[in-house]
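Reading through the C-alpha coordinates given below for one structure.
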2 protein chains.
Amino acid sequence: MNIGQAASLSQLPPKTIRYYEEIELINPARAENGYRDYSDGDVHRLRFLQRARGLGFSITECRLLLSLYEDKNRASHDVKAMALDKISEIDRKINELNSLKETLTTLAEHCNGDNKPDCPIIEDLARGS
Amino acid sequence: MNIGQAASLSQLPPKTIRYYEEIELINPARAENGYRDYSDGDVHRLRFLQRARGLGFSITECRLLLSLYEDKNRASHDVKAMALDKISEIDRKINELNSLKETLTTLAEHCNGDNKPDCPIIEDLARGS
DNA sequence: GCTTGAAGTTCCAGTAACTGGAGCCATTTA
DNA sequence: TAAATGGCTCCAGTTACTGGAACTTCAAGC
(Lines give C-alpha, C1' and ligand atoms only; values in the text may rest on other atoms or scores of the structure.)
Protein backbone atom coordinates (compact mmCIF):
# COMPACT_ATOMS: atom_id res chain seq x y z
CA MET A 1 0.00 0.00 0.00
CA ASN A 2 1.02 3.64 -0.47
CA ILE A 3 2.25 5.94 2.26
CA GLY A 4 -1.10 7.68 2.58
CA GLN A 5 -2.91 4.51 3.57
CA ALA A 6 -0.07 3.46 5.87
CA ALA A 7 -0.34 6.90 7.44
CA SER A 8 -4.05 6.66 8.14
CA LEU A 9 -3.73 3.10 9.44
CA SER A 10 -0.81 3.92 11.71
CA GLN A 11 -2.04 7.36 12.74
CA LEU A 12 1.31 8.84 11.81
CA PRO A 13 1.79 11.67 9.31
CA PRO A 14 3.54 10.70 6.06
CA LYS A 15 6.36 13.07 6.94
CA THR A 16 7.05 11.17 10.13
CA ILE A 17 6.92 7.83 8.34
CA ARG A 18 9.51 9.01 5.83
CA TYR A 19 11.61 10.26 8.71
CA TYR A 20 11.39 6.85 10.39
CA GLU A 21 12.68 5.34 7.19
CA GLU A 22 15.55 7.81 7.11
CA ILE A 23 16.64 6.78 10.61
CA GLU A 24 16.14 3.14 9.68
CA LEU A 25 13.22 2.22 11.85
CA ILE A 26 11.40 0.83 8.86
CA ASN A 27 12.45 -0.26 5.43
CA PRO A 28 9.44 -0.47 3.13
CA ALA A 29 9.61 -1.94 -0.36
CA ARG A 30 9.48 0.32 -3.40
CA ALA A 31 7.02 -0.05 -6.22
CA GLU A 32 8.09 0.28 -9.86
CA ASN A 33 7.01 3.91 -9.92
CA GLY A 34 9.28 4.78 -7.00
CA TYR A 35 6.46 4.94 -4.47
CA ARG A 36 7.02 3.36 -1.08
CA ASP A 37 5.05 0.14 -0.69
CA TYR A 38 4.09 -0.76 2.85
CA SER A 39 3.25 -4.29 3.97
CA ASP A 40 0.90 -5.12 6.83
CA GLY A 41 4.00 -5.84 8.91
CA ASP A 42 5.32 -2.37 8.16
CA VAL A 43 2.05 -0.86 9.30
CA HIS A 44 2.11 -2.87 12.54
CA ARG A 45 5.57 -1.60 13.18
CA LEU A 46 4.49 1.99 12.50
CA ARG A 47 1.44 1.59 14.69
CA PHE A 48 3.65 0.32 17.47
CA LEU A 49 5.98 3.28 17.05
CA GLN A 50 3.05 5.70 17.09
CA ARG A 51 1.84 4.29 20.38
CA ALA A 52 5.18 3.92 22.09
CA ARG A 53 6.25 7.46 21.13
CA GLY A 54 2.95 8.83 22.40
CA LEU A 55 3.63 7.11 25.70
CA GLY A 56 6.89 8.94 26.16
CA PHE A 57 9.37 6.31 24.98
CA SER A 58 12.29 7.76 23.05
CA ILE A 59 13.28 6.56 19.60
CA THR A 60 16.18 4.73 21.20
CA GLU A 61 13.82 3.00 23.62
CA CYS A 62 11.49 2.14 20.75
CA ARG A 63 14.40 0.56 18.95
CA LEU A 64 15.08 -1.50 22.07
CA LEU A 65 11.46 -2.52 22.44
CA LEU A 66 11.31 -3.54 18.79
CA SER A 67 14.54 -5.46 19.10
CA LEU A 68 13.13 -7.39 22.03
CA TYR A 69 10.77 -9.07 19.61
CA GLU A 70 12.92 -9.26 16.58
CA ASP A 71 16.51 -9.82 17.51
CA LYS A 72 17.01 -13.54 17.17
CA ASN A 73 20.64 -13.31 18.13
CA ARG A 74 20.33 -11.83 21.57
CA ALA A 75 20.56 -14.26 24.47
CA SER A 76 17.24 -15.14 26.00
CA HIS A 77 18.05 -13.96 29.52
CA ASP A 78 19.04 -10.56 28.17
CA VAL A 79 15.70 -10.27 26.48
CA LYS A 80 13.99 -11.24 29.69
CA ALA A 81 15.97 -8.76 31.76
CA MET A 82 15.24 -5.94 29.36
CA ALA A 83 11.58 -6.87 29.18
CA LEU A 84 11.28 -6.90 32.96
CA ASP A 85 13.07 -3.59 33.12
CA LYS A 86 10.66 -2.05 30.67
CA ILE A 87 7.72 -3.57 32.50
CA SER A 88 8.65 -1.78 35.70
CA GLU A 89 9.02 1.44 33.76
CA ILE A 90 5.57 0.89 32.31
CA ASP A 91 4.15 0.23 35.78
CA ARG A 92 5.60 3.50 36.94
CA LYS A 93 4.05 5.34 34.01
CA ILE A 94 0.69 3.71 34.67
CA ASN A 95 0.82 4.80 38.31
CA GLU A 96 1.68 8.33 37.31
CA LEU A 97 -1.15 8.43 34.80
CA ASN A 98 -3.56 7.13 37.41
CA SER A 99 -2.56 9.80 39.90
CA LEU A 100 -2.83 12.46 37.20
CA LYS A 101 -6.25 11.13 36.25
CA GLU A 102 -7.42 11.13 39.83
CA THR A 103 -6.36 14.71 40.22
CA LEU A 104 -8.15 15.78 37.06
CA THR A 105 -11.26 13.85 38.06
CA THR A 106 -11.36 15.60 41.40
CA LEU A 107 -10.86 18.90 39.64
CA ALA A 108 -13.66 18.20 37.17
CA GLU A 109 -16.01 17.17 39.97
CA HIS A 110 -15.23 20.22 42.06
CA CYS A 111 -15.54 22.69 39.23
CA ASN A 112 -19.20 22.27 38.47
CA GLY A 113 -20.35 25.67 39.64
CA ASP A 114 -19.84 28.99 38.02
CA ASN A 115 -16.78 29.97 39.95
CA LYS A 116 -13.64 27.99 39.88
CA PRO A 117 -12.60 27.17 43.42
CA ASP A 118 -9.07 27.79 44.43
CA CYS A 119 -8.06 24.14 44.58
CA PRO A 120 -4.45 23.50 45.53
CA ILE A 121 -4.68 19.99 44.10
CA ILE A 122 -1.56 20.51 42.13
CA GLU A 123 0.36 20.24 45.37
CA ASP A 124 -0.82 16.68 45.92
CA LEU A 125 -0.16 15.84 42.34
CA ALA A 126 3.35 17.17 42.30
CA ARG A 127 4.18 15.57 45.59
CA GLY A 128 2.83 12.11 45.01
CA SER A 129 3.29 9.26 42.63
CA MET B 1 16.90 26.61 47.33
CA ASN B 2 19.47 26.53 44.52
CA ILE B 3 18.98 24.95 41.14
CA GLY B 4 20.96 21.84 42.08
CA GLN B 5 18.60 20.89 44.87
CA ALA B 6 15.56 21.74 42.77
CA ALA B 7 17.04 19.50 40.09
CA SER B 8 17.50 16.52 42.35
CA LEU B 9 14.05 16.97 43.91
CA SER B 10 12.31 17.32 40.56
CA GLN B 11 14.41 14.77 38.71
CA LEU B 12 15.10 17.29 35.98
CA PRO B 13 18.58 18.37 34.87
CA PRO B 14 19.49 21.99 35.69
CA LYS B 15 19.76 22.70 31.97
CA THR B 16 16.14 21.71 31.45
CA ILE B 17 15.00 23.77 34.43
CA ARG B 18 16.71 26.85 33.02
CA TYR B 19 15.12 26.13 29.68
CA TYR B 20 11.68 25.90 31.33
CA GLU B 21 12.32 29.33 32.78
CA GLU B 22 13.28 30.67 29.37
CA ILE B 23 9.99 29.50 27.89
CA GLU B 24 8.17 30.84 30.93
CA LEU B 25 6.95 27.65 32.52
CA ILE B 26 8.46 28.71 35.84
CA ASN B 27 9.60 31.99 37.26
CA PRO B 28 11.82 31.41 40.28
CA ALA B 29 13.00 34.21 42.54
CA ARG B 30 16.58 35.40 42.41
CA ALA B 31 18.86 35.60 45.37
CA GLU B 32 21.13 38.60 45.93
CA ASN B 33 24.04 36.79 44.35
CA GLY B 34 22.10 36.25 41.12
CA TYR B 35 21.43 32.55 41.80
CA ARG B 36 17.94 31.25 41.09
CA ASP B 37 16.01 30.60 44.28
CA TYR B 38 13.34 27.90 44.04
CA SER B 39 10.38 27.66 46.39
CA ASP B 40 8.60 24.42 47.27
CA GLY B 41 5.85 25.46 44.87
CA ASP B 42 8.40 25.84 42.08
CA VAL B 43 9.66 22.35 42.78
CA HIS B 44 6.13 20.92 42.71
CA ARG B 45 5.61 22.57 39.38
CA LEU B 46 8.88 21.14 38.06
CA ARG B 47 8.06 17.72 39.41
CA PHE B 48 4.73 17.88 37.65
CA LEU B 49 6.41 18.87 34.40
CA GLN B 50 8.92 16.05 34.74
CA ARG B 51 6.15 13.52 35.10
CA ALA B 52 3.82 14.89 32.46
CA ARG B 53 6.62 15.18 29.89
CA GLY B 54 7.70 11.62 30.64
CA LEU B 55 4.15 10.50 29.93
CA GLY B 56 4.21 11.95 26.46
CA PHE B 57 2.43 15.25 27.03
CA SER B 58 3.88 18.10 24.99
CA ILE B 59 4.99 21.38 26.53
CA THR B 60 1.81 22.96 25.16
CA GLU B 61 -0.29 20.26 26.82
CA CYS B 62 1.63 20.72 30.05
CA ARG B 63 0.85 24.41 29.92
CA LEU B 64 -2.82 23.52 29.52
CA LEU B 65 -2.75 21.04 32.38
CA LEU B 66 -1.05 23.59 34.61
CA SER B 67 -3.54 26.26 33.60
CA LEU B 68 -6.41 23.96 34.56
CA TYR B 69 -5.33 24.36 38.15
CA GLU B 70 -4.13 27.87 38.13
CA ASP B 71 -6.12 30.00 35.77
CA LYS B 72 -8.69 31.69 37.93
CA ASN B 73 -10.17 33.59 35.02
CA ARG B 74 -11.28 30.74 32.86
CA ALA B 75 -14.94 29.79 33.07
CA SER B 76 -15.61 26.72 35.16
CA HIS B 77 -17.29 24.67 32.45
CA ASP B 78 -14.29 25.19 30.18
CA VAL B 79 -12.03 23.85 32.87
CA LYS B 80 -14.32 20.89 33.29
CA ALA B 81 -14.46 20.19 29.55
CA MET B 82 -10.70 20.34 29.23
CA ALA B 83 -10.22 18.17 32.28
CA LEU B 84 -12.61 15.53 30.93
CA ASP B 85 -10.88 15.66 27.59
CA LYS B 86 -7.50 15.07 29.20
CA ILE B 87 -8.97 12.29 31.34
CA SER B 88 -10.04 10.35 28.27
CA GLU B 89 -6.60 10.87 26.77
CA ILE B 90 -5.08 9.55 29.96
CA ASP B 91 -7.40 6.53 29.88
CA ARG B 92 -6.26 5.80 26.37
CA LYS B 93 -2.62 6.01 27.41
CA ILE B 94 -3.24 3.73 30.37
CA ASN B 95 -4.88 1.16 28.10
CA GLU B 96 -1.98 1.31 25.70
CA LEU B 97 0.54 0.91 28.50
CA ASN B 98 -1.40 -2.07 29.82
CA SER B 99 -1.41 -3.76 26.45
CA LEU B 100 2.28 -3.03 26.03
CA LYS B 101 2.93 -4.43 29.47
CA GLU B 102 0.93 -7.55 28.77
CA THR B 103 2.91 -8.14 25.62
CA LEU B 104 6.23 -7.72 27.39
CA THR B 105 5.09 -9.96 30.22
CA THR B 106 4.17 -12.71 27.78
CA LEU B 107 7.51 -12.22 26.10
CA ALA B 108 9.41 -12.42 29.37
CA GLU B 109 7.53 -15.57 30.39
CA HIS B 110 8.09 -17.27 27.09
CA CYS B 111 11.76 -16.45 26.91
CA ASN B 112 12.95 -18.44 29.87
CA GLY B 113 14.91 -21.06 27.98
CA ASP B 114 18.19 -20.72 26.21
CA ASN B 115 16.79 -20.09 22.78
CA LYS B 116 14.54 -17.22 22.01
CA PRO B 117 11.38 -18.50 20.40
CA ASP B 118 10.18 -16.85 17.27
CA CYS B 119 7.24 -15.09 18.87
CA PRO B 120 5.18 -12.93 16.57
CA ILE B 121 3.69 -11.11 19.56
CA ILE B 122 4.46 -7.80 17.99
CA GLU B 123 1.60 -8.47 15.60
CA ASP B 124 -0.93 -8.52 18.44
CA LEU B 125 0.65 -5.50 19.99
CA ALA B 126 0.62 -3.44 16.85
CA ARG B 127 -2.89 -4.48 15.98
CA GLY B 128 -4.58 -4.01 19.30
CA SER B 129 -5.21 -1.26 21.79
C1' DG C 1 43.08 35.12 54.30
C1' DC C 2 43.85 32.32 50.21
C1' DT C 3 43.01 28.83 47.22
C1' DT C 4 40.73 25.42 44.95
C1' DG C 5 36.88 22.86 43.45
C1' DA C 6 32.05 22.43 43.05
C1' DA C 7 28.18 24.71 41.65
C1' DG C 8 26.16 28.67 39.94
C1' DT C 9 25.64 32.30 35.77
C1' DT C 10 25.03 33.58 30.53
C1' DC C 11 25.47 32.70 25.80
C1' DC C 12 25.86 30.13 21.78
C1' DA C 13 26.06 26.05 19.16
C1' DG C 14 24.46 21.27 18.45
C1' DT C 15 21.06 17.33 18.69
C1' DA C 16 16.64 14.66 18.47
C1' DA C 17 12.51 14.16 16.48
C1' DC C 18 9.89 15.93 13.74
C1' DT C 19 7.36 19.54 10.38
C1' DG C 20 6.59 22.75 6.48
C1' DG C 21 7.44 24.14 1.95
C1' DA C 22 9.31 24.27 -2.76
C1' DG C 23 9.58 21.98 -6.95
C1' DC C 24 8.93 18.00 -9.53
C1' DC C 25 6.70 13.36 -11.17
C1' DA C 26 2.75 9.86 -11.12
C1' DT C 27 -2.02 8.63 -10.88
C1' DT C 28 -6.84 9.25 -10.65
C1' DT C 29 -11.00 11.84 -11.93
C1' DA C 30 -13.80 14.96 -14.69
C1' DT D 1 -6.48 16.10 -21.91
C1' DA D 2 -6.51 18.98 -18.01
C1' DA D 3 -6.69 19.43 -13.27
C1' DA D 4 -6.63 17.75 -8.80
C1' DT D 5 -4.52 14.64 -5.73
C1' DG D 6 -0.89 12.21 -3.85
C1' DG D 7 3.60 10.66 -4.28
C1' DC D 8 8.88 11.91 -4.47
C1' DT D 9 13.37 14.52 -2.79
C1' DC D 10 15.72 18.11 -0.60
C1' DC D 11 16.32 21.78 2.46
C1' DA D 12 15.04 24.85 5.98
C1' DG D 13 12.59 25.65 10.38
C1' DT D 14 10.70 24.17 15.07
C1' DT D 15 10.43 22.03 19.56
C1' DA D 16 12.51 20.57 23.43
C1' DC D 17 16.26 20.03 25.08
C1' DT D 18 21.75 19.33 25.76
C1' DG D 19 26.77 20.33 25.71
C1' DG D 20 30.48 23.44 26.09
C1' DA D 21 33.01 27.74 26.79
C1' DA D 22 33.99 31.49 29.73
C1' DC D 23 33.05 33.69 33.83
C1' DT D 24 31.41 34.35 38.96
C1' DT D 25 30.25 32.74 43.60
C1' DC D 26 30.41 30.01 47.52
C1' DA D 27 32.09 26.40 51.05
C1' DA D 28 36.00 23.78 52.77
C1' DG D 29 40.74 23.08 53.82
C1' DC D 30 45.36 24.86 54.62
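Here is the naming used below: chain letters follow the sequence lines, and residue numbers restart at 1 for every chain. For clarity, every value in this text was computed on a predicted model and none was experimentally measured.
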Partner residues of Gln50(A) under the side-chain contact (heavy atoms from CB on, under 4.5 Å) criterion, sequence neighbours left out: Gln11(A), Leu12(A), Arg47(A)
For each nucleotide in nucleotides 14-25 of chain C, reading 5' to 3', give B when a protein heavy atom comes within less than 4.0 Å of its base, S when such contact involves only the sugar-phosphate, and - otherwise. ---BBSBB----
Please give the angle, rounded to 10 degrees, between the axes at the start and the end of the helix from dG1(C)-dC30(D) to dA30(C)-dT1(D), where five pairs define each axis. 20°
Under-4.0 Å side-chain N/O to phosphate OP1/OP2 contact, Asn33(B) with dG8(C): no
With a 4.5 Å cut-off on side-chain heavy atoms, are Leu64(A) and Met82(A) touching? yes
For Glu89(B), does the CD atom sit with more than 12 other heavy atoms under 6.0 Å from it, leaving out its own atoms? yes
Closest approach of Asp40(B) and Met1(B), non-hydrogen atoms and distance? OD1-CE, 3.7 Å
Can you list the residues that meet the side-chain contact (heavy atoms from CB on, under 4.5 Å) rule with Ile59(A), with sequence neighbours excluded? Tyr20(A), Ile23(A), Leu25(A), Arg53(A), Arg63(A)
With respect to the phosphate group of dT9(C), does any side-chain polar atom (N or O) of Arg36(B) fall under 4.0 Å of OP1 or OP2? yes
Salt-bridge criterion met for Glu22(A) and Arg18(A) (N-O under 4.0 Å): no
Interatomic distance, Ser99(A) atom OG to Ile94(A) atom CD1 [nearest 0.5 angstrom]: 13.0 Å
Please determine whether salt bridge (charged side-chain N to carboxylate O under 4.0 Å, His left out) holds for the pair Arg30(A) and Asp37(A), giving the CA-CA distance in whole Å, both sets of side-chain angles, and the decisive distance to 0.1 Å. CA-CA 5 Å; Arg30(A) 291 281 175 147; Asp37(A) 184 13; over 6 Å; no
Go through the side-chain N and O atoms of Asp42(A) and Ser39(A) and say whether any donor and acceptor fall under 3.5 Å apart. yes
For the residue pair Arg36(A) and Tyr38(A), establish whether any side-chain heavy-atom pair is separated by less than 4.5 Å. yes
What range of DNA chain D does chain A touch, first nucleotide to last, counting atoms under 4.0 Å from its heavy atoms? dG6(D) to dC10(D)
Give me the residues of residues 1-10 of chain B where at least one heavy atom lies under 4.0 Å from an atom of DNA chain D, by number, or none. none
Distance (rounded to the nearest 0.5 Å) between Lys86(B) NZ and Leu104(A) CG: 9.0 Å
Flag the pair Phe57(B) / Ile90(B) as yes when at least one side-chain heavy-atom distance between them is below 4.5 Å, and no otherwise. yes
Heavy atoms only: give me the nearest Leu55(A)-Lys93(A) pair and the separation to one decimal. O-NZ, 3.0 Å
